Number of protein chains: 2
Amino acid sequence: MPDAMSGKRVPSRELFDLVAGHFRVLGEPARLALLHSLADGERSAASLLAEMKISQANLSKHMTVLCQAGFVTRRREGPYVHYQLADARVLSLCELMCDRLESDAISAHELIATRMLRED
Amino acid sequence: MPDAMSGKRVPSRELFDLVAGHFRVLGEPARLALLHSLADGERSAASLLAEMKISQANLSKHMTVLCQAGFVTRRREGPYVHYQLADARVLSLCELMCDRLESDAISAHELIATRMLRED
DNA sequence: TTTCTCCATTCCCATATCGTTGTACGGGAA
DNA sequence: TTCCCGTACAACGATATGGGAATGGAGAAA
């Protein structure tokens with residue numbers, strides 16, 4: 001039975017590339033911190049620059065990447081630029097990942113506790 | 001009022017590094033395809049190698065990365081090795097990202113349609 | 001034991017990406 | 001107009017990462 005008739009989804013290589021590319025955008029600590037700073041609402045480039053400990057050029061590049069990925073929108077107001085989360089689901093992704101890591105940490109902790117109780 | 005008393009979570013740089021590192025693991029098309037292949041259950045290394053169009057060394061390296069990230073578990077059975085998803089939530093992450101991309105695509109489509117209807 | 005299979009690891013190269021520096025663009029004020 | 005400020009872009013070096021080829025190592029069979 002061919003996949004087309006099985007009802008099962010068969011992702012194409014292009015889809016994997018696209019999804020992986022967006023995960024890679026989230027695979028940068030500085031960009032995660034920037035997204036986190038935008039969680040409370042719109043922020044100006046200057047305020048982000050003041051908060052983060054990165055250079056102006058670096059900030060601009062990271063924000064460009066986030067905009068191209070569709071995670072953030074850019075709004076120009078005179079000489080100033082304001083950034084905003086384009087989609088709150090991005091934060092859901094981060095929270096989901098954090099939950100996973102937390103579970104792993106707990107499991108590791110229990111494993112260590114078990115080993116300490118066990119008589120080798 | 002300090003952050004510690006505001007109830008607001010202030011992630012550390014180490015947490016951003018950790019989360020970003022795990023997102024980077026998902027930022028590889030081949031690894032996403034491997035995770036997808038494991039969605040239906042345990043698979044042997046040989047069957048994964050037969051399905052994917054990558055070299056044996058490459059497969060082994062990718063699976064090692066997935067195991068170290070805690071996404072996959074490795075089980076040895078004689079000379080054979082079987083891999084299994086360690087956490088179904090990984091698939092949730094991928095689905096969430098796909099939903100986002102789908103929404104973007106729809107938005108882009110509507111935008112194009114609007115422009116086509118508009119008289120410039 | 002030897003030999004074979006299956007998988008992991010190591011080394012090397014090509015490519016990609018991050019951060020810095022310097023520069024260019026664009027808007028507002030003088 | 002000229003100047004300054006805020007931001008984006010380009011070019012560079014350093015580092016990281018994926019892929020291929022070769023090697024290593026564990027286990028099973030002879």
Side-chain angles (χ1 to χ4, degrees), chain A residues 13-38 42-84 86, chain B residues 13-38 42-84 86:
Chain A
R13 197 171 101 61
E14 286 76 20
L15 181 59
F16 284 132
D17 286 348
L18 187 64
V19 175
H22 281 73
F23 273 128
R24 224 171 328 172
V25 171
L26 299 182
E28 234 19 59
R31 287 196 282 265
L32 290 182
L34 288 168
L35 289 174
H36 181 79
S37 295
L38 294 175
E42 195 183 60
R43 299 271 312 256
S44 70
S47 76
L48 288 174
L49 183 58
E51 181 180 348
M52 314 290 303
K53 302 191 186 309
I54 60 177
S55 68
Q56 181 271 325
N58 218 347
L59 174 71
S60 180
K61 275 199 292 188
H62 281 311
M63 296 314 290
T64 298
V65 171
L66 288 170
C67 287
Q68 286 176 341
F71 293 140
V72 166
T73 59
R74 173 183 279 153
R75 183 173 68 84
R76 178 145 215 144
E77 200 177 55
Y80 303 103
V81 171
H82 297 268
Y83 293 102
Q84 191 173 10
Chain B
R13 196 169 104 57
E14 287 76 21
L15 181 59
F16 284 131
D17 286 349
L18 187 63
V19 176
H22 282 73
F23 273 128
R24 223 172 323 163
V25 170
L26 299 183
E28 212 53 31
R31 286 196 282 265
L32 291 182
L34 287 168
L35 289 174
H36 181 78
S37 294
L38 293 176
E42 195 182 60
R43 299 273 308 259
S44 70
S47 75
L48 288 174
L49 183 59
E51 181 179 348
M52 314 290 302
K53 300 191 188 309
I54 59 179
S55 69
Q56 181 271 322
N58 221 341
L59 173 71
S60 179
K61 279 196 285 191
H62 280 311
M63 297 313 291
T64 299
V65 171
L66 288 171
C67 287
Q68 286 176 342
F71 293 142
V72 166
T73 60
R74 195 194 310 243
R75 182 173 68 83
R76 178 146 214 145
E77 201 176 54
Y80 303 104
V81 170
H82 298 269
Y83 293 102
Q84 190 174 10

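Throughout, a chain's letter reflects where its sequence line sits, starting with A, and its residues are numbered from 1. Owing to the predicted nature of the structure, the values given are computational and were not obtained by experimental measurement.
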Novice: Could you state the atom-to-atom distance from NE2 of B:His62 to C1' of D:dT17 in whole Å?
Specialist: 10 Å
Novice: Rounded to whole Å, please give me the gap between CZ in B:Arg24 and P in C:dT17.
Specialist: 12 Å
Novice: Check this one for me: any side-chain N or O of B:Ser55 less than 4.0 Å away from OP1 or OP2 of D:dG19?
Specialist: no
Novice: So, does B:Arg76 use its side chain to make a donor-acceptor pair with the main chain of B:Gly78 at under 3.5 Å?
Specialist: yes
Novice: Using the rule given for side chain to side chain contact (heavy atoms under 4.5 Å, CB included), can you reason through B:Leu32 versus A:Leu15, listing the C-alpha separation, both sets of side-chain angles and the distance that settles it, and then say yes or no?
Specialist: CA-CA 10 Å; B:Leu32 291 182; A:Leu15 181 59; over 6 Å; no
Novice: Between D:dT17 atom P and A:Phe23 atom CZ, what is the distance in whole Å?
Specialist: 18 Å
Novice: Check the surroundings of atom CZ in A:Arg75: do more than 12 heavy atoms from other residues, nucleotides or ligands lie under 6.0 Å from it?
Specialist: yes
Novice: Output one letter per nucleotide in nucleotides 4-14 of chain D: B when a protein non-hydrogen atom lies under 4.0 Å from the base, S when only the sugar-phosphate is that close, - when neither is.
Specialist: --SBBB-B---
Novice: Hey, does A:Leu38 have a side-chain heavy atom less than 4.5 Å from the side chain of A:Met63?
Specialist: yes
Novice: Do A:Met52 and A:His62 come within less than 4.5 Å of each other through their side chains, counting heavy atoms only?
Specialist: no
Novice: Look only at the side chain of B:Arg31 and the backbone of B:Leu66, and say whether a donor-acceptor pair between them is shorter than 3.5 Å.
Specialist: no
